[in-house]
Participant: 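Could you have a look at this structure, given as structure tokens, before my questions?
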Amino acid sequence: MIGRLNHVAIAVPDLEHASETYKRSLGAEVSEPLELPEHGVRVVFVSLTNTKIELLEPLGVDSPISKFLTKSPSGGIHHVCYEVDDIYAARDALVKDGARILNKNDPVIGAHGKPVIFLNPKDFNGVLIELEQS
Ligand code: CO
């Protein structure tokens with residue numbers, strides 16, 4: 001069912017500092033920051049040849065990243081995103097298999113303007129998985 005790794009998302013306490021570190025220490029190509037209020041994040045994209053890394057900083061009081069950073073103040077891997085051909089077929093197969101999907105099983109429009117679902121980490125080895133329509 002799953003295809004390419006679309007991105008790995010890393011929660012960071014300071015987006016400018018994290019961007020600088022990726023540029024200077026790792027020689028990475030890093031985009032300008034983008035605010036996504038509907039997702040409660042500021043984000044930069046680190047382009048790699050085979051995938052991308054998203055550095056996420058909390059935006060607003062209800063940011064899903066804030067709680068994560070309370071537990072891991074220096075940041076950490078927040079989720080991984082795999083591509084699927086058909087988000088509804090993937091959703092239906094996962095529900096049938098007993099997996100729990102956040103947001104009452106309904107796809108939402110993700111950070112790249114495509115429908116996504118998030119899978120309960122308890123069903124996947126403690127890792128939050130995002131599936132994105134490719
Ligand atoms: Co993501």
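Numbering of ligands and ligand atoms starts at 1, following listing order. Predicted, not measured: the structure shown is a model, and the values here were computed from it.
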Participant: Run E132 and H7 through side chain to side chain donor-acceptor pair (under 3.5 Å) and show every step you take.
Facilitator: CA-CA 10 Å; E132 180 178 289; H7 61 271; 5.0 Å; no

Participant: With a cut-off of 2.8 Å, does E132 place any N/O/S atom under that distance from the Co ion (ligand 1)?
Facilitator: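 No, outside the cut-off.
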
Participant: What N/O/S atom of E130 is the closest to the Co ion (ligand 1)?
Facilitator: OE1

Participant: Please note down the angle at the Co ion (ligand 1) between NE2 of H79 and NE2 of H7, to the nearest 10°.
Facilitator: 110°

Participant: Please check if the side chain of D123 supplies one atom and the backbone of R100 the other of a donor-acceptor pair under 3.5 Å.
Facilitator: yes

Participant: Rounded to the nearest 0.5 Å, what's the gap from CG on L15 to CD1 on I65? Could you check?
Facilitator: 11.0 Å

Participant: Using 30° and 60° as the class boundaries, would you call the ring planes of H112 and F45 parallel, tilted or perpendicular?
Facilitator: tilted

